[in-house]
Protein chains: 2
Amino acid sequence: MTTADWISAFPGLNKLDPEITKSLIEASKVVHLPAGTRIFGPGQAPQAYLLVTAGRVRIQQTSDSGREIVLYRVSPGESCALTTACLMGFEDYQAEGIAETDVEAVTIPRATFDDLITRSPEFRKFVFTAFGVRITNLCRVIEDIAFSRIDVRLAQRLLELGGDRGRIEFTHQQMASELGTAREVISRQLNEFQRRGWIATSRGIIDIKQPQALRQLAAAP
Amino acid sequence: MTTADWISAFPGLNKLDPEITKSLIEASKVVHLPAGTRIFGPGQAPQAYLLVTAGRVRIQQTSDSGREIVLYRVSPGESCALTTACLMGFEDYQAEGIAETDVEAVTIPRATFDDLITRSPEFRKFVFTAFGVRITNLCRVIEDIAFSRIDVRLAQRLLELGGDRGRIEFTHQQMASELGTAREVISRQLNEFQRRGWIATSRGIIDIKQPQALRQLAAAP
DNA sequence: TAGAAGTATGTGACCAAGTCACATTACTAA
DNA sequence: TTAGTAATGTGACTTGGTCACATACTTCTA
């Protein structure tokens with residue numbers, strides 16, 4: 001089976017030489033990871049280059065004191081810079097990757113990855129661009145944590161996570177981990193949002209009622 | 001002139017094939033940048049791969065509100081992941097790189113960089129490891145900002161910047177930019193450190209008097 | 001189906017850190 | 001010497017994080 005369907009999900013991989021594409025498809029293997037799988041983490045290095053085709057992987061970091069913060073997510077059409085870096089020989093990092101939903105991904109063995117890097121400028125660009133996006137993204141996170149108000153950040157994240165249905169199945173503690181803050185802080189902010197009618201909450205659920213109000217807050221200077 | 005002295009400053013580049021080393025040296029050019037030079041930034045993409053051989057480059061980010069935070073520094077023996085990413089085609093980032101001291105660096109043209117990536121596994125590993133280090137580093141910054149107390153972070157940074165002489169020629173505002181906080185916060189913390197006899201300060205200068213006291217605070221949980 | 005245990009959320013008091021406004025103190029260049 | 005500028009000091013206030021504990025909802029079990 002060398003169904004190449006998945007490759008169309010990666011804009012950066014569309015312009016590869018047919019030969020390269022062939023190598024890529026032949027060496028790749030589609031894997032399915034159930035929600036909750038720990039894909040990599042301290043003491044658990046990934047064995048292959050990973051391209052997510054369906055589902056979502058959450059990359060997060062836990063501090064010594066046990067508090068967590070979500071660094072970024074890997075969505076379909078993306079790869080994880082951390083696993084790539086690890087694959088290329090740098091293994092000492094603290095973050096961990098967890099399948100947030102059932103995940104379908106394509107794995108490419110290290111040797112093939114190395115071979116493709118050598119042979120294809122387009123593949124190289126794809127990989128380096130992925131690095132660039134992640135680094136830029138982490139810089140953005142730093143800026144947000146350092147300089148943005150918690151209500152603004154919460155509104156942004158609610159909109160990001162809400163999707164079309166506007167329903168987020170997260171506990172307050174999970175939302176706190178999203179933003180690297182404390183549960184009580186989230187509880188208070190959510191209560192305030194609810195008081196204003198922007199959201200409705202019940203145990204483990206947040207429903208967005210007035211996305212435009214959240215958007216306005218999220219866009220605040 | 002193809003003095004290859006600089007190459008010994010890069011542990012990752014020591015094991016290259018003689019041929020690769022030759023290419024590297026022939027294509028490289030040593031450049032000198034006076035302190036204060038803006039090496040890259042929004043709207044100012046770097047034109048070549050940059051390896052720092054002497055001096056120090058500061059990578060920082062400025063928020064919309066004008067506040068700054070130092071993301072990391074590039075010291076001799078290191079390269080800048082952001083410029084690399086940029087070089088490989090990803091250009092949209094907000095951070096800027098500034099020569100903090102007079103800087104001596106080796107530049108490698110894009111074409112040569114690309115060629116070396118293709119031909120040398122060791123060079124690839126060097127580049128990818130540099131990415132990994134930076135990403136790990138940024139994750140550490142995120143953790144610090146999100147979870148560490150400002151006095152602990154200040155103590156750490158004072159020790160990092162103090163060097164052997166234990167003198168730091170920074171204004172309070174500059175120290176605030178280091179940690180992404182406000183000048184008043186730094187002033188108060190420094191006053192407290194001074195009150196305890198750990199440091200001495202005068203206009204634009206911080207002298208470390210009791211590094212071990214700072215170390216103890218810096219190691220706090 | 002009641003009770004118990006576990007998880008999620010609410011709340012007030014308090015502390016840490018960031019903001020604002022303005023005063024004071026050093027340096028620098030006429 | 002003296003403006004003028006840059007650096008630092010300070011108090012009042014707001015925001016956000018911490019702590020301790022109360023309350024409410026779910027699920028499991030007897």
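Each chain gets a letter, A, B and so on, in the order the sequences are listed, and its residues count up from 1.
Annotation: proximity of residues 184-196 of chain A to DNA chain C (heavy atom, distance under 4.0 Å) is found for A:Glu184, A:Ser187, A:Arg188, A:Asn191, numbered in ascending order. Listed by residue number, the members of residues 168-176 of chain B with any heavy atom below 4.0 angstrom from DNA chain C form an empty set.
Following rounding to the nearest Å, B:Asp151 (CG) and C:dC15 (P) show an atom-to-atom distance of 16 Å.
If you walk DNA chain D from 5' to 3' and mark each nucleotide with an atom closer than 4.0 Å to a heavy atom of chain A, the marks span D:dT15 to D:dT26.
Ring-plane geometry between B:Trp6 and B:Phe10 is classed as perpendicular, the angle between the planes exceeding 60 degrees on a 0 to 90 degree scale with a lower cut at 30. Using bins of under 30°, 30° to 60° and over 60° for the plane-to-plane angle, the ring pair B:Phe193/B:Trp198 lands in the tilted bin.
Using modelled atom types, no side-chain atom of B:Arg134 and backbone atom of B:Cys80 make a donor-acceptor pair closer than 3.5 Å. With hydrogens and angles disregarded, no donor-acceptor distance shorter than 3.5 Å links the side chain of A:Glu96 to the backbone of A:Gln94. Side-chain atoms of A:Gln210 come within 3.5 Å of backbone N or O of A:Gly197 as a donor-acceptor pair. Side chain of B:Asp207 to backbone of B:Ile199: no donor-acceptor contact under 3.5 angstrom is found.
Across the interface with DNA chain C, nearest-nucleotide mapping of A:Ile205 and A:Phe147 shows A:Ile205 to be the residue nearer the 5′ end.
Heavy atoms of B:Thr181 sit under 4.0 angstrom from primed sugar atoms or phosphate atoms, though from no base atom. If you check every strand for non-hydrogen atoms under 4.0 Å, A:Arg67 touches sugar and phosphate atoms only.
The residues B:Glu192 and B:Arg188 are annotated as not salt-bridged, no charged nitrogen and carboxylate oxygen being separated by less than 4.0 angstrom. In summary, B:Glu143 and B:Arg140 do not engage in a salt bridge, as defined by a charged side-chain N under 4.0 Å from a carboxylate O.
Residues in residues 172-185 of chain A take part in these side-chain hydrogen bond (donor to acceptor under 3.5 Å, both in side chains) pairs, two or more places apart or across chains: A:Arg73-A:Glu178, A:Arg157-A:Glu178, A:His172-A:Ser187.
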_With side-chain contact (heavy atoms from CB on, under 4.5 Å) as the criterion, how do A:Val185 and A:Leu154 come out once you've worked through the C-alpha distance, each side chain's angles and the decisive distance to 0.1 Å?_
CA-CA 10 Å; A:Val185 174; A:Leu154 178 57; over 6 Å; no

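Between B:Phe113 and B:Val127, some side-chain heavy-atom pair lies under the 4.5 Å cut-off. In this structure the side chain of A:Ile69 reaches within 4.5 angstrom of the side chain of A:Ile145, judged on heavy atoms.
Applying the side chain to side chain donor-acceptor pair (under 3.5 Å) rule to B:Glu104 yields the partners B:Thr53; only residues at least two apart in sequence or on another chain are considered.
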*asked:* For nucleotides 23-30 of chain C, give me one character per nucleotide, 5' to 3': B if any protein heavy atom sits under 4.0 Å from the base, S if the only such contacts are to the sugar-phosphate, - if neither.
replied: ---BS---

